[in-house]
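We count ligands from 1, going down the list as the structure has it; atoms in each ligand are counted the same way. Source: prediction; values computed, not measured.
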Amino acid sequence: MISMSRFHPPGTPVAVLTTQPLDRALDYRAPAEGVEDGAYVEVPLGPRKVLGVVWGTGTGDWPVEKLRPILRILPVPPMAQPFRDFIERSASYTLTPLPAMLRLGLRAPGLGDPPGKRRVYSLGTGEPDRATDARTAVLQALRERPGDVFALSELADMAGVSTSVVKGLVKSGAILEQATARDADYPTLDPKRPGKTLAPDQGEAAQALRTSVKSKTYGTTLLKGVTGSGKTEVYLEAVAEALAQGRQALVLLPEIALTAEFLTRVEARFGARPAEWHSGVTQAERRRCWSRVSTGQARLVVGARSSLFLPFQNLGLIVVDEEHDTSYKQEDGVLYSARDMAVLRASCEGAQVVLATATPSLESWANAELGKYKRLDLTSRFGEAVLPKLATIDMRDADLPGGRWISPALQRAIETRLIAGEQSLVFLNRRGYAPVTLCRACGQQVACHQCDARMVEHRFLKRLMCHQCGESAPMPPACPSCGVEGKLAAVGPGVERMAEEVTALFPEARVAILSSDLFGSARSLKAKVEEIAEGGADIIVGTQLVAKGHNFPRLTLVGVIDADLGLQGSDLRAAERTFQLMRQVSGRAGRAEKPGEALLQTYQPEHPVIRAILSGDEEAFLREEAAQRRAAGVPPYGRMAGIVISDPEAAVAFDLGNALARNTAPLEEIGAEVYGPAPAPIARIRGRHRVRLLVKAPRQAPIQPALTAWVARVTVPRSTRLSIDIDPQSFL
Ligand code: ADP
Ligand code: ZN
């Protein structure tokens with residue numbers, strides 16, 4: 001669907017949408033050379049120059065002579081019409097102001113810099129004339145990432161020094177300063193290279209996906225396949241088809257740190273590596289990606305959720321791998337689900353979506369049941385690999401002393417693997433050393449002073465950290481409440497404490513911890529994962545980080561310390577999440593020739609969710625879960641929106657909540673109900689008191705306009721923040 005881009009002759013009024021928080025596009029005068037719709041431009045706004053995009057013809061409300069002119073058209077191809085449609089539709093879907101949505105699309109570092117202004121820095125060959133700690137830190141940071149070039153502030157931040165330190169090193173030649181490297185083209189991917197020979201069921205699925213991509217229309221397919229069934233091999237065929245058509249493709253991965261293996265597979269399949277877009281790549285590299293995507297030269301992008309806002313010219317396919325993954329939901333700033341926005345973007349672009357997973361979200365599963373999505377199934381693991389055996393360990397029989405969490409049965413299982421030279425994973429979805437630090441003198445728990453949350457001890461970092469606001473403090477020698485020394489005690493386990501227990505039980509084993517907070521950068525995590533995959537550890541102790549799509553070929557045992565952990569909350573999706581997580585984690589075992597085993601420690605082996613996990617009958621579980629949600633009228637069989645009001649004063653937040661609860665006419669019109677206001681489960685974050693309301697509406701109800709009308713009835717005080725989360729995933 002190519003729509004003609006409109007050209008605005010010189011001197012005519014054009015609308016320009018900027019990223020400034022205004023409620024609409026502003027009129028400007030087209031420059032002497034005229035300007036096209038979608039052009040990236042620089043315009044004056046008050047005393048400043050700001051970036052914007054030409055968003056159609058101006059209103060004409062002002063005489064043209066009175067309009068300020070567009071100052072500069074940036075030398076990049078205009079934003080394509082489907083992308084502009086996507087920005088508008090995603091803004092109205094998520095109730096996000098258009099400028100905030102546009103900002104997501106302008107995240108190319110240095111996009112607005114005048115030509116030739118940017119400089120980049122890399123490792124030089126000279127020796128510093130004088131060595132200081134700060135200088136050593138900069139050079140060390142550069143040595144860790146050979147070949148990469150950085151912006152000045154980026155490099156200074158990485159090394160934790162001021163920019164003058166970097167500049168100082170340029171003089172001696174220890175650091176090389178260059179004008180921005182021209183954004184180099186990516187190597188060409190060759191879709192005609194032969195892929196792996198597919199098994200019959202894989203071949204059928206791949207063919208179906210190729211046919212969909214060939215149609216050059218929008219469509220979504222749920223590709224459900226047990227872990228190790230070859231989903232990646234199959235969707236790479238869809239990528240090949242998009243590339244063969246000369247179109248672009250995007251593969252979204254949830255845990256971007258774990259893409260190393262994926263990049264290697266792309267290279268093996270297409271002869272070159274794709275473009276990457278995520279927080280782990282340098283600004284220069286991100287800039288290159290944005291630029292090459294905008295010209296259509298970068299044909300395949302592998303990225304995190306924000307890559308959905310790259311300026312594709314000709315997008316034919318979006319793959320959302322591990323589509324059920326909760327990290328696809330952006331939980332601050334613009335609240336959006338990358339999975340849902342992928343579907344929206346594809347429908348704007350006339351592209352296909354593949355949602356790949358072993359454990360579909362109930363949303364996607366229900367859409368497939370309704371026939372809105374196509375569905376393809378891969379039911380067995382590829383080759384020799386078989387699914388792991390699952391069993392529970394009844395912890396009521398384990399009779400462990402205090403401070404110990406590994407049952408004798410699990411201990412024996414790990415021992416067996418150690419003797420056989422195989423890897424084990426001890427899984428606990430809790431970061432840090434202990435979730436609670438208790439004073440044995442006064443009985444108080446150490447809490448965050450700005451949040452309604454406990455401080456979590458991180459023993460490696462020797463600090464207490466708040467998992468809500470990120471606040472951290474050195475481990476205090478005395479209790480902050482009563483001042484008594486030496487009485488603080490760790491209560492309950494986190495992964496760090498599990499690693500301690502594992503080391504005590506198996507002193508001769510090499511133990512590795514995988515937890516997101518232990519790695520300074522995506523890159524160091526990536527390196528660690530690779531080292532482990534190659535056999536660099538006997539026992540891995542990890543959080544959900546390890547559940548996400550990485551192959552550890554030597555791993556044959558997964559021991560889940562607390563399978564009940566996720567079931568405790570009252571969250572709508574508690575059962576679904578636990579089911580998914582347990583299936584995913586168990587799926588890490590036995591990916592190669594050796595069969596795997598997963599042992600789930602539980603105090604409630606009779607719990608329906610635990611039984612469903614063991615039986616492995618996903619369809620039965622999903623049907624049962626669907627029936628319950630349908631009866632309750634909750635997603636995906638009803639719509640929801642979460643409203644969070646926060647203010648330094650609890651009473652102010654409550655007053656606004658009550659005013660909303662009294663004024664529900666616009667919601668009543670669409671048959672929606674309002675619950676609350678109530679204190680949020682985490683009633684205070686960063687010193688702000690939080691109040692929640694929940695709106696529940698019938699499935700087909702037009703919830704966005706009703707919410708807009710509803711919120712417009714109250715006045716939000718200046719100190720107060722009100723955020724609306726459409727389709728909330730988290731209820732904290
Ligand atoms: P999934 O994405 O479903 O977990 P993968 O695509 O990662 O599965 O496949 C699991 C393993 O099996 C990978 O190492 C992959 O290379 C291998 N594999 C899958 N299909 C084939 C095939 N047709 N030929 C050779 N190896 C395959
Ligand atoms: Zn806090």
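- Ligand 1 lies less than 4.0 angstrom from a heavy atom belonging to S229.
- Those atoms of ligand 1 that come under 4.0 Å of a heavy atom in L198, given as number and element, are 23 (N).
- Some N or O of G228 is nearer than 3.5 Å to an N or O of ligand 1, by distance alone.
- Between I561 and the options V495, L428, L599, V541, a side chain to side chain contact (heavy atoms under 4.5 Å, CB included) holds for only L428.
- Aromatic rings of F86 and F309 (six-membered ring for Trp) have centroids within the 6.0 Å cut-off, being under it.
- For the pair G542 and L425, the tightest heavy-atom approach, listed with the atom from each and the gap, is N-CD1, 4.0 Å.
- Contact atoms of ligand 1 toward G230: 1 (P), 3 (O), 5 (P), 6 (O), 8 (O), 9 (O), 19 (C) (distance under 4.0 Å to a heavy atom of the residue).
- Per-residue contacts place R265 under 4.0 angstrom from the following atoms of ligand 1 (heavy atoms of the residue considered): 5 (P), 6 (O), 7 (O), 9 (O), 15 (C), 16 (O).
- Taking each of Q202, R269, E233 in turn, the one with a heavy atom nearest to atom 16 (O) of ligand 1 proves to be E233.
- Heavy-atom separations between V226 and ligand 1 include at least one value shorter than 4.0 Å.
- Residue pairs meeting the salt bridge (Lys or Arg N to Asp or Glu O under 4.0 Å) criterion with at least one partner in residues 597-624, sequence neighbours excluded, are K224-E618, K224-E619, R375-E619, R417-E597, R583-E618, E606-R611.
- Proximity of T197 to ligand 1, defined as any heavy-atom pair under 4.0 Å, is confined to the backbone N, CA, C and O atoms.
- For F312, there are no ring pair (Phe, Tyr, Trp, His ring centres under 6.0 Å) partners at least two apart in sequence or on another chain.
- In summary, E415 and R412 do not engage in a salt bridge, as defined by a charged side-chain N under 4.0 Å from a carboxylate O.
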